[in-house]
Amino acid sequence: FQEPSTSLNPVMRVGDQIVEAIESHTELRGEAARAKAIEWMGKVGIPEPERRIDEYPFRLSGGQKQRVMIAMTLACEPDFLIADEPTTALDVTIQAQILDLLKQLQKEQGMGMLLITHDLAVVSGMAQQVALMYAGQIVEVASAADFFSTPRHPYARLLLRALPDTSKRGGALAAIGGTVPPLWQEFTGCRFAPRCDRVFDACHHTLPQIEQAGATGVRCLLYREGLDSSASVVPVDSAARADARRVEGQETALLEVRDLSVRFPIRKGLLQRTAGAFVAVDGVSFAIPAGRTLALVGESGCGKTTTGKAIVQLLRHQAVIGGQALFQGQDLFTLEGDALRDARRSVQIVFQDPFASLDPRMRVFDILEEGLIALRTDMDASARRDRLHTLVDQVGLRRDALQRYPHEFSGGQRQRIAVARALAV
């Protein structure tokens, strides 16, 4: 599944969940099944599998939970695998390891695979055939080689133009305007027409069928009318590229982290006395000037998320935090009460797992407004409503999304809601 946090049972150890799958679908039992689970946890890159097999899901990072899900699935040695965004939460090294493992299993067992993904890099490295989907319909079917060298559908061409590369440095990336239409409406024309850069009159009142363009099937009226050329991806016009703006005031750090350390107590025994400490972050220092971006990169489980949570003071009652986090010269680690609340208006966080970070019992409007009520007391109800309408437009959601619940959205749409919530204040 795409979201391991909601796919793993939170009250079962991860090893028990893997063993349960192995015993349900193979002849292995007991210690043999446990040994198989440890073997697969090691194969998918989980460190210290002999120890981690007895951990609960909440003790693992997002990437580690995804690896547990992959181990649970592959340990059953399936003949056919439906992989829904299987490497979304993984760092690039483990992603490559998992994809190589899937390729190896395909070769050894002849396993078939339906790979559901938005990551075109993964598609290019894994797939032999590509079916491009838009608004509930397949709009292009082609071999992977043809899809990337000669995309036929306007949507495919726009997607590939939006991929970043070094030739586009300093300029705006190509983007597809608008949003995917709601699927409860009745369509009388092409579903992509409102966003298409090659739309013509017939597109609005004629339902397109799959047309053959060489070996590629394309759902587009351009091919029925003979109006399309088979040109490959058109690069972004170089004249439209602007030189990267120099950021003023780079010398002064907006946020400076000095010698950050985070230690979680290890508790043992009936009375849960502290028997030691697990060092999750040790001696991290960096500075970020205004208008600049710092990428904190590392394998899953190395402490990246812990660093972010420590900076915004979400771990002060769970861990021992050392060092300083200076925001505009003010140490966030020393703030309490109203001073901490004021600082949180200026420092927000977007979490890795949007499903776990959004309250499932609240509508999107209430989720986004909650932060404004708490941290923007200068805004009245009307101003808050206008602000939320602007926000959903900015993150590419329709305004009717405000009256829906988180479970009614895809994973990517939920993350856009989480981004809007962080930017709201």
**Student:** Does R376 have any side-chain contact (heavy atoms from CB on, under 4.5 Å) partners at least two apart in sequence or in another chain, and if so, which?
**Tutor:**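 Result, side-chain contact (heavy atoms from CB on, under 4.5 Å) vs R376: R345, L372, D378, M379, V425.
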**Student:** Just verifying a value: how many Å separate Q352 CD and K309 NZ, rounded to the nearest 0.5 Å?
**Tutor:**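 Between atom CD of Q352 and atom NZ of K309 there are 9.0 Å.
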**Student:** Once the angle between the rings of Y405 and H407 is folded into 0 to 90°, is it parallel (under 30°), tilted (30 to 60°) or perpendicular (over 60°)?
**Tutor:**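 Taking H407 first and then Y405, their aromatic rings lie parallel (interplane angle under 30°).
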**Student:** Of all heavy-atom pairs between C76 and A21, which one has the smallest distance, and what is that distance?
**Tutor:**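 Where C76 meets A21 most closely, the heavy atoms are SG-O, 3.6 Å.
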**Student:** Using a 3.5 Å distance criterion without hydrogens, assess whether the side chain of Q324 forms a donor-acceptor pair with backbone atoms of R258.
**Tutor:**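 Not at all, since once roles are kept as given, no pair shorter than 3.5 Å links the two residues.
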**Student:** What pairs with S7 under side-chain contact (heavy atoms from CB on, under 4.5 Å), at least two apart in sequence or on another chain?
**Tutor:**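 For S7, the residues satisfying side-chain contact (heavy atoms from CB on, under 4.5 Å) (neighbours in sequence not counted) are F1, M69.
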**Student:** Without swapping roles, check the side chain of E140 against the backbone of A156 for a donor-acceptor pair under 3.5 Å.
**Tutor:**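 Not at all, since once roles are kept as given, no pair shorter than 3.5 Å links the two residues.
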**Student:** Rounded to the nearest 0.5 Å, how far apart are OG1 of T87 and CD1 of I70?
**Tutor:**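 It is 7.0 Å, given to the nearest 0.5 Å.
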**Student:** Using distance only, find each side-chain donor-acceptor pair of residues 99-106 under 3.5 Å and give its atom names and separation, not counting sequence neighbours.
**Tutor:**
{"from": "K103", "atom 1": "NZ", "to": "G125", "atom 2": "O", "distance (Å)": "2.9"}
{"from": "Q104", "atom 1": "NE2", "to": "E108", "atom 2": "OE2", "distance (Å)": "3.0"}
{"from": "Q106", "atom 1": "NE2", "to": "M111", "atom 2": "O", "distance (Å)": "3.2"}

**Student:** Applying side-chain contact (heavy atoms from CB on, under 4.5 Å) to M72 and E20, what does each step give before you reach the verdict?
**Tutor:** CA-CA 9 Å; M72 187 187 309; E20 182 182 49; over 6 Å; no
**Student:** Backbone N or O of F351 within a donor-acceptor pair of the Q415 side chain at under 3.5 Å?
**Tutor:**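 Present.
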**Student:** With heavy-atom distances below 4.5 Å as the criterion, would you say the side chains of T306 and F264 are in contact?
**Tutor:**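 Counting from C-beta outward, T306 and F264 do come under 4.5 Å.
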**Student:** To the nearest 0.5 Å, how far apart are CD in Q313 and CZ in R344?
**Tutor:**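 Here the interatomic distance stands at 7.0 Å.
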**Student:** Among all residues two or more places apart in sequence or in another chain, which pass the side-chain contact (heavy atoms from CB on, under 4.5 Å) test with P406?
**Tutor:**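 Per chain and number, P406 pairs via side-chain contact (heavy atoms from CB on, under 4.5 Å) with L358, I367, R414.
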**Student:** Output all residues satisfying salt bridge (Lys or Arg N to Asp or Glu O under 4.0 Å) with E370, sequence neighbours left out; order by chain, then residue number.
**Tutor:**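 For E370 there are no salt bridge (Lys or Arg N to Asp or Glu O under 4.0 Å) partners, ignoring immediate neighbours.
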**Student:** Are P151 and D146 side-chain neighbours, meaning at least one heavy-atom pair lies under 4.5 Å?
**Tutor:**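 No, every pair of side-chain atoms sits at 4.5 Å or beyond.
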**Student:** CZ/R59 to CZ/F278 distance, rounded to the nearest 0.5 angstrom?
**Tutor:**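 These two atoms lie 10.0 Å from each other.
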**Student:** Should V123 and T117 be marked as a side-chain contact (heavy atoms from CB on, under 4.5 Å) after you check the CA-CA gap, both sets of side-chain angles, and the distance that decides it?
**Tutor:** CA-CA 8 Å; V123 173; T117 183; 3.4 Å; yes
**Student:** What are the two closest heavy atoms between F147 and L160, and how far apart are they?
**Tutor:**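 Heavy atoms only, the tightest pair is O-CD1, 3.7 Å.
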**Student:** Could you go through L8 and V68, starting from their C-alpha distance and side-chain angles, then the distance that decides it, and tell me whether this counts as side-chain contact (heavy atoms from CB on, under 4.5 Å)?
**Tutor:** CA-CA 9 Å; L8 294 173; V68 169; 4.1 Å; yes
**Student:** Begin from the C-alpha positions of R263 and S261 and carry the test side-chain hydrogen bond (donor to acceptor under 3.5 Å, both in side chains) through to its verdict.
**Tutor:** CA-CA 7 Å; R263 291 173 169 80; S261 65; 3.2 Å; yes
**Student:** Just to verify, what does E55 make a side-chain hydrogen bond (donor to acceptor under 3.5 Å, both in side chains) with, not counting sequence neighbours?
**Tutor:**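 E55 satisfies side-chain hydrogen bond (donor to acceptor under 3.5 Å, both in side chains) with R51 only.
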**Student:** Do other residues, nucleotides or ligands put more than 12 heavy atoms under 6.0 Å from R399 CZ?
**Tutor:**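 Counting other residues, nucleotides and ligands, CZ of R399 exceeds 12 neighbours.
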**Student:** Ignoring hydrogens, what is the shortest heavy-atom contact between D197 and P154? Give both atom names and the distance.
**Tutor:**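 Here D197 and P154 meet closest at OD1-CB, 4.1 Å.
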**Student:** Scan the side chains in residues 332-339 for donor-acceptor partners under 3.5 Å anywhere in the protein, sequence neighbours excluded, and list what turns up.
**Tutor:**
{"from": "T334", "atom 1": "OG1", "to": "D331", "atom 2": "O", "distance (Å)": "2.9"}
{"from": "E336", "atom 1": "OE1", "to": "R316", "atom 2": "NH1", "distance (Å)": "3.2"}
{"from": "E336", "atom 1": "OE2", "to": "R316", "atom 2": "NH1", "distance (Å)": "3.2"}

**Student:** Is it the case that S382 and R384 place a side-chain donor and acceptor less than 3.5 Å from each other?
**Tutor:**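 No, R384 and S382 have no side-chain donor paired with an acceptor closer than 3.5 Å.
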**Student:** Under 3.5 Å, side chain of R191 to main-chain N/O of Y134, donor-acceptor pair present?
**Tutor:**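 The answer is no, because no donor-acceptor pair under 3.5 Å joins these two groups.
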**Student:** Check the side chains of D393 and T390 for a donor-acceptor pair under 3.5 angstrom, ignoring hydrogens and angles.
**Tutor:**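 No pair is found: no donor N or O on one side chain lies under 3.5 Å from an acceptor on the other.
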**Student:** Side-chain contact, heavy-atom cut-off 4.5 Å: P10 with F58?
**Tutor:**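 Side-chain contact under 4.5 Å: no.
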**Student:** So do Q128 and S143 actually touch side chain to side chain, heavy atoms under 4.5 Å?
**Tutor:**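 S143 vs Q128: side chains apart.
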**Student:** Within a 6.0 Å radius of atom CD1 on I373, are there more than 12 heavy atoms belonging to other residues, nucleotides or ligands?
**Tutor:**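 It does: I373 CD1 has more than 12 such atoms within range.
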**Student:** Taking R363 for its side chain and L402 for its backbone only, find out whether a donor-acceptor pair lies under 3.5 Å.
**Tutor:**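 Pair absent, no side-chain N/O of R363 close to backbone of L402.
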**Student:** Taking side-chain contact (heavy atoms from CB on, under 4.5 Å) as the test, write out the residues that go with K304, two or more places apart.
**Tutor:**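 In terms of side-chain contact (heavy atoms from CB on, under 4.5 Å), with neighbours along the sequence ignored, K304 is linked to L296, C302.
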**Student:** Taking the side chain from Q348 and the backbone from L423, do they hold a donor-acceptor pair closer than 3.5 Å?
**Tutor:**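 No, because the side chain of Q348 does not come within donor-acceptor range (under 3.5 Å) of the backbone of L423.
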**Student:** Taking atom CZ of R341 as the centre, report whether more than 12 heavy atoms of other residues, nucleotides or ligands fall under 6.0 Å from it.
**Tutor:**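 For R341, atom CZ is not crowded (no more than 12 foreign heavy atoms under 6.0 Å).
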**Student:** Could you check whether any side-chain heavy atom of S285 comes within less than 4.5 Å of a side-chain heavy atom of L260, counting everything from C-beta outward?
**Tutor:**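 Sidechains of L260 and S285: no contact.
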**Student:** Verify, without hydrogens or angle tests, whether Y223 (side chain) and R152 (backbone) share a donor-acceptor contact under 3.5 angstrom.
**Tutor:**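 Answer holds: yes.
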**Student:** Mind checking whether F409 and R416 have side chains closer than 4.5 Å, heavy atoms only?
**Tutor:**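 They are not in side-chain contact.
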**Student:** Do L222 and F200 touch side chain to side chain, with heavy atoms closer than 4.5 Å?
**Tutor:**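 Counting from C-beta outward, L222 and F200 do come under 4.5 Å.
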**Student:** I need the minimum non-hydrogen distance between E50 and I53, along with the two atoms involved.
**Tutor:**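 That closest heavy-atom pairing would be O-CG2, 3.4 Å.
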**Student:** If you look at every heavy atom in Y56 and V11, which pair is closest and at what distance?
**Tutor:**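 Closest approach of Y56 to V11, heavy atoms only: CE2-O, 3.5 Å.
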**Student:** Could you check whether K36 pairs with E77 (Lys NZ or Arg NE/NH1/NH2 to Asp/Glu carboxylate O, under 4.0 Å)?
**Tutor:**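 Answer for the salt bridge query: yes.
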**Student:** Backbone N or O of G178 within a donor-acceptor pair of the R195 side chain at under 3.5 Å?
**Tutor:**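 Yes, the answer is positive, given that a donor and an acceptor are paired below the 3.5 Å cut-off.
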**Student:** For R34, check side-chain hydrogen bond (donor to acceptor under 3.5 Å, both in side chains) against everything at least two apart and list the hits.
**Tutor:**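 Scan of R34 (side-chain hydrogen bond (donor to acceptor under 3.5 Å, both in side chains), adjacent residues dropped) gives D54.
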**Student:** Compare every heavy atom of I417 with every heavy atom of L368, then report the nearest pair and how far apart it is.
**Tutor:**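 The answer is CD2-O, 3.6 Å.
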**Student:** Looking at CZ of R157 and OG1 of T150, how far apart are the two atoms once the value is rounded to the nearest 0.5 Å?
**Tutor:**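 The CZ atom of R157 sits 9.0 Å away from the OG1 atom of T150.
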**Student:** Between the main-chain N or O of F327 and the side-chain N or O of E256, is there a donor-acceptor pair closer than 3.5 Å?
**Tutor:**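 Not confirmed, E256 side chain does not pair with F327 backbone.
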**Student:** With heavy-atom distances below 4.5 Å as the criterion, would you say the side chains of R385 and F365 are in contact?
**Tutor:**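 With C-beta onward as the side chain, the pair touches.
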**Student:** Would you check, one step at a time, whether the test side-chain contact (heavy atoms from CB on, under 4.5 Å) holds for L391 with R421?
**Tutor:** CA-CA 8 Å; L391 280 169; R421 177 178 59 182; over 6 Å; no
**Student:** Once salt bridge (Lys or Arg N to Asp or Glu O under 4.0 Å) is applied, do any residues pair with D259, and if so which ones, sequence neighbours excluded?
**Tutor:**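 With sequence neighbours excluded, D259 shows a salt bridge (Lys or Arg N to Asp or Glu O under 4.0 Å) to no residue whatsoever.
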**Student:** Who passes salt bridge (Lys or Arg N to Asp or Glu O under 4.0 Å) against R267, sequence neighbours left out?
**Tutor:**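 If we apply the salt bridge (Lys or Arg N to Asp or Glu O under 4.0 Å) test to R267, skipping adjacent residues, there are no hits.
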**Student:** Can you tell me how far apart OG1 (T307) and CD1 (I321) are? Round to the nearest 0.5 Å.
**Tutor:**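 Between atom OG1 of T307 and atom CD1 of I321 there are 10.5 Å.
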**Student:** Apply side-chain hydrogen bond (donor to acceptor under 3.5 Å, both in side chains) to R52 and list each qualifying residue two or more places apart in sequence or on a separate chain.
**Tutor:**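 With neighbours one apart ignored, the set is Q64.
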